[in-house]
Amino acid sequence: MGRIGRWYDTRIVPWIVDKACGARDLDRSRRRVCAGLRGEVVEIGFGSGLNLPHLPDAVTHLHAVDPERAGQRLGAERIAASRVPVSFVGLDGQALPLADASMDSALCTFTLCTIPDAGLALAELRRVLKPGGTFHFLEHGLSPDPKVARWQHRLTPLQRHLCAGCHFDRPIDLLVRDAGFELGEVRHEYRNGPKTPGYLYEGTAVRPR
């Protein structure tokens, strides 16, 4: 990657993600997906801390993982105002610096689209969760509508180039299931706006006991 490309990915993309994913129409979804989190929580793709205001009182500590430092700067006020202590514990969701079965819950929002090996990241979350621990996710991904899906497949190469590897066409619920989680209820809906980037998966899964 050239110097300009790296600058774009580390400076401009985090700002775009903060604005796009921080839109108010997503607040209700964030509140729902954070409900039920408890104890020691690991969040991959922490970004600028957009989930912090929605963490329930049962959360005692957040272990944040994100490859870009720019999000921490963008979210400095949220981090400072957070009731929940935040520790930055790693840069790569595919290799978590946490002990096996050490986390009570895990959280991931608008992140699995970008991680190079989403299956590996999910396997890592399963590893660090305690048996019976819950994984909460809110992601955009592959639509069941064939017409929308065709456009998602067509545009994903361009999207990956423009937005640091983001995919429109990952089947999020299947990826979670294939990583060994037991899927709970998954809510599927289109976000207001274009359908190609707007098909949402919102749900929870459990690491089997």
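With hydrogens and angles ignored, the 3.5 Å screen pairs a side-chain donor or acceptor of Arg78 with a backbone N or O of Ser48. The backbone N or O of Leu96 lies less than 3.5 Å from a partner atom in the side chain of Arg127, making a donor-acceptor pair. Between the side chain of Arg83 and the backbone N or O of Pro56, at least one donor-acceptor pair lies under 3.5 Å. At distances below 3.5 Å, at least one donor-acceptor pair connects side-chain atoms of His136 with backbone N or O atoms of Val33. Ser143 places a side-chain N or O within 3.5 Å of a backbone atom of Asp145 that can act as its donor or acceptor partner. In this structure, the side chain of Thr156 engages the main chain of Gln152 through a donor-acceptor pair within 3.5 Å. A donor-acceptor distance shorter than 3.5 angstrom exists from the side chain of Thr111 to the backbone of Thr109, with no hydrogens or angles considered. Side-chain N or O atoms of Glu43 include none that pairs as donor or acceptor with a backbone N or O of Cys108 at under 3.5 Å.
Residues Phe137 and Val65 share a hydrophobic cluster, clusters being chains of Ile/Leu/Val/Met/Phe/Trp/Tyr side chains in contact below 4.5 Å. The hydrophobic clustering, which links ILVMFWY residues whose side-chain heavy atoms are closer than 4.5 Å, places Leu62 and Met103 apart. Note on Phe181 and Leu142: same hydrophobic cluster, where clusters join Ile, Leu, Val, Met, Phe, Trp and Tyr whose side-chain heavy atoms are under 4.5 Å apart, directly or indirectly.
The aromatic ring centroids of Tyr201 and His140 lie 6.0 Å or more from each other.
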**OP:** Assess whether side chain to side chain contact (heavy atoms under 4.5 Å, CB included) is satisfied between Asp178 and Leu122, documenting all intermediate values.
**Re:** CA-CA 9 Å; Asp178 290 347; Leu122 288 165; over 6 Å; no
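Salt bridge status for Glu189 with Arg32: present, with a side-chain N to carboxylate O gap under 4.0 Å.
Closest of all the heavy-atom pairs between Gly141 and Ile172 is CA-CG1, 4.4 Å.
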